[in-house]
Structure formats: structure tokens, C-alpha cells
Asks: 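There's a structure below that I have some questions on.
For the numbers below, each heavy atom of this structure counts, side chains included, while hydrogens, waters and symmetry mates do not.
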Amino acid sequence: MSDPATRPADDRNPPLPQLVTELWQLIVAYFRQETIVPLQQLGRWIAFGILGSLLLGVGVLLLAMAGLRALQEETGSTFTGNLSWIPYMIMFAALLAGGAITWTARGAQRRRKAAR
């Protein structure tokens with residue numbers, strides 16, 4: 001058998017501080033790979049979702065305002081005086097109906113996905 005002091009340096013294990021440093025680098029790399037990168041990707045999805053919902057909300061608001069102004073201006077004297085509140089009620093009912101249709105379609109889509 002050979003004496004440990006006479007063996008070449010390649011056969012010896014690395015010193016403990018080097019092992020600790022390598023272990024720390026491995027832990028940090030794993031943490032980044034498994035947590036930070038997926039969270040960044042999730043953040044992008046959330047950002048696009050928020051942006052899309054804001055744009056959709058602004059679009060529905062502008063469409064509702066256009067419908068309200070059309071009812072007020074294009075119906076002549078039909079909705080004047082004591083009946084001036086009716087265009088607002090019509091648009092409110094239209095927005096509620098649109099919301100109900102969207103909610104129902106969303107629920108039906110979830111049920112189809114759950115049945116798969």
C-alpha cells in the first residue's frame with residue numbers, strides 16, 4: 001500500500017472549504033432554476049392577464065358609453081323628460097346580460113375541461 005503523503009495530489013479529496021463553496025453554488029443554482037425562473041414566467045403571465053383585462057374593461061366601458069349616447073341622441077324625443085332614465089336602465093341591463101353570458105360560458109368551459 002502506498003503512504004497517503006506520497007500519493008499524487010489528484011487522488012486526494014478536495015479540501016472542505018472548496019466542497020462547501022461548491023455545495024453552496026449548487027444550492028443557489030438549483031434555487032434559481034426551480035423557483036426564480038418559474039416565478040418570472042408566472043409574472044409575465046400575470047402581467048399579460050392584467051393588461052388584457054384592463055384593455056377589455058376599457059373597451060366594454062367605451063362600447064357601453066357609445067350605446068348610451070346612441071340611445072339618448074338617436075331616439076329623438078322618446079326618452080325625454082320623466083323617461084330620461086330609461087337609456088341608462090337599458091344599458092345597465094345590456095351590461096348585466098353580457099356579464100351573465102360571459103359567466104355562463106366560462107362555467108360551461110370549466111365543466112368541459114373537468115369532464116376530460
Asks: Distance only, no hydrogens: is a donor on one side chain within 3.5 Å (strictly under) of an acceptor on the other, for Gln72 and Arg69?
Replies: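 A pair is found: one side chain offers a donor N or O, the other an acceptor, under 3.5 Å apart.
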Asks: Would you compute the distance between atom CZ of Arg111 and atom CZ of Arg116 and round it to the nearest 0.5 angstrom?
Replies: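 Nearest 0.5 Å value for the CZ-CZ distance: 14.0 Å.
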Asks: Looking at every non-hydrogen atom in both residues, tell me the closest pair between Leu83 and Thr78 and how far apart they are.
Replies: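 Leu83 and Thr78 have their closest heavy atoms at CD1-O, 3.7 Å.
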Asks: Is there a chain of hydrophobic side chains (I, L, V, M, F, W, Y, each step under 4.5 Å between heavy atoms) that links Leu63 to Ile101?
Replies: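 No; tracing contacts between hydrophobic side chains, which count when under 4.5 Å, never links both residues.
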Asks: Return the minimal non-hydrogen interatomic distance between Gln33 and Pro38, and the atom names on each side.
Replies: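 Nearest heavy atoms, Gln33 then Pro38: O-CD, 3.4 Å.
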Asks: Taking atom CE of Met91 and atom CD1 of Ile86, what is their separation to the nearest 0.5 Å?
Replies: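 It is 14.5 Å, given to the nearest 0.5 Å.
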Asks: When rounded to the nearest 0.5 angstrom, what is the spacing between OG1 in Thr21 and CD in Gln25?
Replies: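 With rounding to 0.5 Å, OG1 (Thr21) is 6.5 Å from CD (Gln25).
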Asks: To the nearest 0.5 Å, what is the distance between CG on Leu56 and CG on Leu51?
Replies: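 Spacing of CG (Leu56) from CG (Leu51) equals 11.0 Å.
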Asks: Side-chain heavy atoms nearer than 4.5 Å, only ILVMFWY residues, links allowed to pass through others: does that put Trp85 and Phe79 together?
Replies: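 Yes; Phe79 is reachable from Trp85 via cluster members.
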Asks: Are more than 12 heavy atoms from other residues, nucleotides or ligands located less than 6.0 Å from atom CD of Glu73?
Replies: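 No, the 6.0 Å shell around CD holds no more than 12 heavy atoms from other groups.
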Asks: My understanding is that only one of Leu95, Leu71, Leu68 makes a side chain to side chain contact (heavy atoms under 4.5 Å, CB included) with Ile90; could you say which?
Replies: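 Between Ile90 and the candidates, side chain to side chain contact (heavy atoms under 4.5 Å, CB included) is satisfied uniquely by Leu71.
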Asks: Treating Ile, Leu, Val, Met, Phe, Trp and Tyr as nodes and any side-chain heavy-atom pair under 4.5 angstrom as an edge, say whether Tyr88 and Phe92 lie in one connected cluster.
Replies: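 Cluster IDs for Tyr88 and Phe92 match.
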Asks: Give me the one residue out of Tyr30, Phe31, Trp24 that meets side chain to side chain contact (heavy atoms under 4.5 Å, CB included) with Val28.
Replies: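 Only one of Tyr30, Phe31, Trp24 forms a side chain to side chain contact (heavy atoms under 4.5 Å, CB included) with Val28, namely Trp24.
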